[in-house]
Amino acid sequence: MKTVLAIGILLICSACTSMGVEPWERDVLAKDEMQLTTDALEAATDDHIYFSKEASSGGRGFGGGGCGCN
Amino acid sequence: MSRSKERSISVALATATCGLLGSSIPAVVDAQEEPNWDINTSLLYYGEDEDRVQEFSLKAIIRRLYTDDRVFTFGLTIDGLTGASPSGAIPLDSPQTITNASGNSVYTVPAGELPLDEEFRDTRVAITANWQQPVGESSQVNIGASASKEYDYLHFGLSGRFSKDFNKRNTTVSAGFAVASDENDPEGGAPIPLSSLLDIGDLSNHLGTDDKDIVDVVLGVSQVISRNLVVQANYSFSNESGYLNNPFKILSVVDATTGDTISRVAGPGGGPSHEFLFENRPNDRSKQSLYTQAKYYMDGNVLDASYRYMTDDWEIDSHTIDLRYRWPVGNDKYLEPHLRFYTQTEAEFYRLSIIDGAPLPVYASSDYRLGDFDAMTAGLKFGWKTSDNNDMSVRVELYQQSGSIPGGQIIGNQAARNNYPDLNAIIAQFSYRFKR
């Protein structure tokens with residue numbers, strides 16, 4: 001089992017090193033709309049609304065408190 | 001390569017470039033040293049139907065960008081809340097009078113209607129501050145602090161995050177840690193868990209303030225797959241301990257056969273017409289979640305898809321799927337449809353009501369947010385560049401929650417009533433982002 005896990009991790013790591021782009025191929029990735037969080041204010045707004053109305057929070061970032069609403 | 005060596009090469013390159021362009025070097029260097037401001041502002045309206053919660057919120061995130069990727073971020077939120085929130089009591093075929101959570105007044109709920117506590121009115125001010133600093137050639141540190149104040153709630157938090165790039169910056173691994181301390185100070189004092197609602201002015205069922213501590217850990221990895229695709233995965237662990245009750249939430253004490261709330265005779269000064277208890281939740285909760293996200297660029301369009309699985313030791317499991325599609329319209333405008341699907345199971349101690357005469361459960365809450373429900377958000381955002389190259393956007397979204405009471409919890413007459421009405425809300429937000 002440990003061997004399988006080790007091989008799996010090695011495969012994932014070697015896959016990671018062969019993935020990706022060269023520095024001069026980052027034109028698309030550098031665009032605002034391709035950032036993982038495009039609109040920080042909207043993301044914070046949504047996190048706060050859903051934190052207040054649902055039993056889940058966080059995931060994208062910290063899910064901590066800061067509001068008496070839940 | 002050392003930083004000084006890199007800088008000397010940069011200067012040499014700048015000298016050569018400026019020589020070709022015929023401009024002077026110091027001006028270029030000065031321009032690079034100038035701090036930049038990136039200012040995000042927004043006005044939000046959040047409104048629920050049936051006169052439930054209404055919120056207006058002003059938000060700003062101000063980023064000051066320094067050279068060498070150092071960034072100071074300051075966030076400010078001012079929320080104004082009004083409206084009513086479900087108290088947790090069940091509807092009845094007759095009117096019912098309930099004491100406010102503060103214990104100093106009562107409100108009467110008409111027959112057949114879901115009891116809503118209309119004492120819900122608050123202003124919340126929240127601030128955040130964050131410093132981002134590169135460490136060496138490929139690592140970054142973020143240190144942050146947060147504080148917020150409501151009429152009856154105070155929050156302080158600290159956070160730290162370390163990230164490191166590998167593989168030509170195609171892989172980024174990060175680890176974050178946050179702690180927070182929150183104090184609940186409801187008017188009249190925090191109620192004693194599972195104590196009865198009493199007549200007006202009788203505060204013997206209230207204690208003083210109560211607080212909770214929160215610890216969060218987030219481990220993440222993001223990976224550039226190709227020129228058009230980037231993905232990330234985060235594992236989060238969060239623990240809250242201390243006072244985790246909602247001091248405004250109550251439960252109805254009902255007859256084991258009819259399911260109707262037990263009547264009570266109020267004192268001469270007024271008080272509840274029926275038997276109600278304050279809720280009680282465990283004083284510890286641990287949550288774990290796995291969050292995955294992919295962003296894919298397709299000929300100018302961007303698909304942003306994420307999925308989150310969360311599970312906790314209150315036996316709540318949830319799944320969230322979030323989809324956004326950014327669709328350019330002309331050169332400087334875009335439309336962005338948004339769909340979000342959410343589903344959760346109920347907490348193990350969620351119950352619609354307490355049965356009179358049966359042994360009192362250790363924990364009980366009928367807060368609809370701990371129930372079994374599905375939710376969906378559908379929205380559309382329109383964004384455009386202003387004439388001075390700043391960004392504006394407007395979005396309108398509809399949010400709907402639809403829940404159900406677990407089988408076996410509905411007793412007698414309760415079956416004929418809507419104990420878990422849908423929640424419908426509108427979210428409207430105008431945003432303006434400018435850089436200086």
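Values reported hereafter were calculated over all heavy atoms of this structure, with side chains retained and with hydrogens, waters and symmetry mates removed. Below, chains carry the letters A, B, ... as their sequence lines are ordered, and counting in each starts from 1. Quick caveat, the model's predicted, so the values are computed rather than measured.
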Requested in this report: Report the option among A:G59, A:A40, A:G61 that has the most heavy-atom pairs separated by less than 4.5 Å from atoms of chain B.
Outcome: A:G59
Query raised in the report: With a 4.5 angstrom heavy-atom cut-off, which part of B:R227 approaches chain A: side chain, backbone, both or neither?
Result: both
Query raised in the report: Does B:Q400 use its side chain to pair, donor to acceptor, with the backbone of B:D374 at less than 3.5 Å?
Result: no
Query - Note: B:K381-A:D39 ion pair, threshold 4.0 Å (strictly below) - result: yes
Report task. Among B:F177, B:F166, B:F156, single out the residue with the greatest number of heavy-atom pairs under 4.5 Å to chain A. Result -> B:F177
Query raised in the report: CZ/A:R60 to OG/B:S289 distance, rounded to the nearest 0.5 angstrom?
Result: 12.0 Å
Query raised in the report: So which part of B:L423 gets closer than 4.5 Å to some heavy atom of chain A, the side chain, the backbone, both or neither?
Result: side chain
Report task. State the CD-OG1 distance between B:Q232 and A:T37, to the nearest 0.5 angstrom. Result -> 7.0 Å
Requested in this report: Pick one of side chain, backbone, both or neither for B:R161, based on which atoms fall under 4.5 Å of a heavy atom in chain A.
Outcome: neither
Query raised in the report: Any ion pair linking B:R63 and B:D38 (charged N to carboxylate O, less than 4.0 Å)?
Result: yes
Query - Heavy-atom pair count under 4.5 Å with chain A, highest-scoring of B:V218, B:I225, B:V302, B:N40 - result: B:I225
Query raised in the report: By a 4.5 Å heavy-atom criterion (distance strictly below it), what part of B:I61 contacts chain A: side chain, backbone, both, or neither?
Result: both
Query raised in the report: Is chain A contacted by the side chain of B:L44, its backbone, both, or neither, given a heavy-atom distance below 4.5 Å?
Result: side chain
Query - Contact origin within B:K168 toward chain A - heavy atom pairs under 4.5 Å - result: both
Report summary line: Counting heavy-atom pairs under 4.5 Å with chain A, the top scorer among B:R433, B:E397, B:R285 is B:R285
Report task. Would you mind checking which part of B:I427 comes under 4.5 Å of any heavy atom in chain A, side chain (CB onward), backbone (N, CA, C, O), both or neither? Result -> side chain
Report summary line: Max heavy-atom pairs within cutoff under 4.5 Å with chain A, candidates B:K149, B:K249, B:E336, B:R324, goes to B:R324
Report task. Find the distance between OG1 (B:T377) and CG (B:D322) and round it off to the nearest 0.5 Å. Result -> 8.0 Å
Query raised in the report: For A:E42, is it the side chain, the backbone, both or neither that has a heavy atom under 4.5 Å from a heavy atom of chain B?
Result: both
Report task. Side chain from CB out, backbone as N, CA, C, O: work out which of these in B:Y297 comes under 4.5 Å of a heavy atom of chain A, or both, or neither. Result -> both
Report task. Tell me, for B:S146 versus chain A, whether the close heavy atoms (under 4.5 Å) come from the side chain, the backbone, both or neither. Result -> neither
Query raised in the report: Which region of B:Y368, side chain (C-beta onward) or backbone (N, CA, C, O), has a non-hydrogen atom less than 4.5 Å from a non-hydrogen atom of chain A, or is it both or neither?
Result: side chain
Query raised in the report: Do B:H319 and B:Y342 have side-chain atoms, one donor and one acceptor, less than 3.5 Å apart?
Result: no
Query - Side chain to side chain, B:M310 and B:Q288, heavy atoms closer than 4.5 Å - result: no
Report summary line: Honestly, the part of B:F373 sitting under 4.5 Å from a heavy atom of chain A is side chain
Query - Residues A:E54, B:R340: salt bridge by 4.0 Å N-O rule - result: yes
Query raised in the report: Considering residues at least two apart in sequence or located in another chain, which fulfil the salt bridge (Lys or Arg N to Asp or Glu O under 4.0 Å) criterion with B:R308?
Result: none
Report summary line: Of A:E22, A:E33, A:E25, the largest count of non-hydrogen pairs under 4.5 angstrom with chain B goes to A:E33
Query raised in the report: If you tally heavy-atom pairs under 4.5 Å against chain A, which of B:E55, B:R395, B:Q344, B:Q293 wins?
Result: B:R395
Query - Residue part contacting chain A, namely of B:S222, when any heavy atom lies under 4.5 Å - result: side chain
Query raised in the report: Do the side chain of B:N167 and the main chain of B:T171 share a donor and acceptor less than 3.5 angstrom apart?
Result: no
Query raised in the report: chain B: which of A:D27, A:D46, A:V21 shares the most heavy-atom pairs with it under 4.5 Å?
Result: A:V21
Query raised in the report: Is the count of non-hydrogen atoms from other residues, nucleotides or ligands lying under 6.0 Å from B:F237 atom CZ greater than 12?
Result: yes
Query raised in the report: Under 3.5 Å, is there a donor-acceptor pair linking the side chains of B:Y153 and B:D185?
Result: no
**Report entry** Exceeds 12 heavy-atom contacts within 6.0 angstrom, atom OH of B:Y151
**Finding:** no
Query raised in the report: Can you say whether B:Y309 sits under 4.5 Å from chain A via the side chain, the backbone, both, or neither, judging by heavy atoms?
Result: neither
Report task. Let me know if B:Y399 has heavy atoms under 4.5 Å from chain A in its side chain, its backbone, both or neither. Result -> side chain
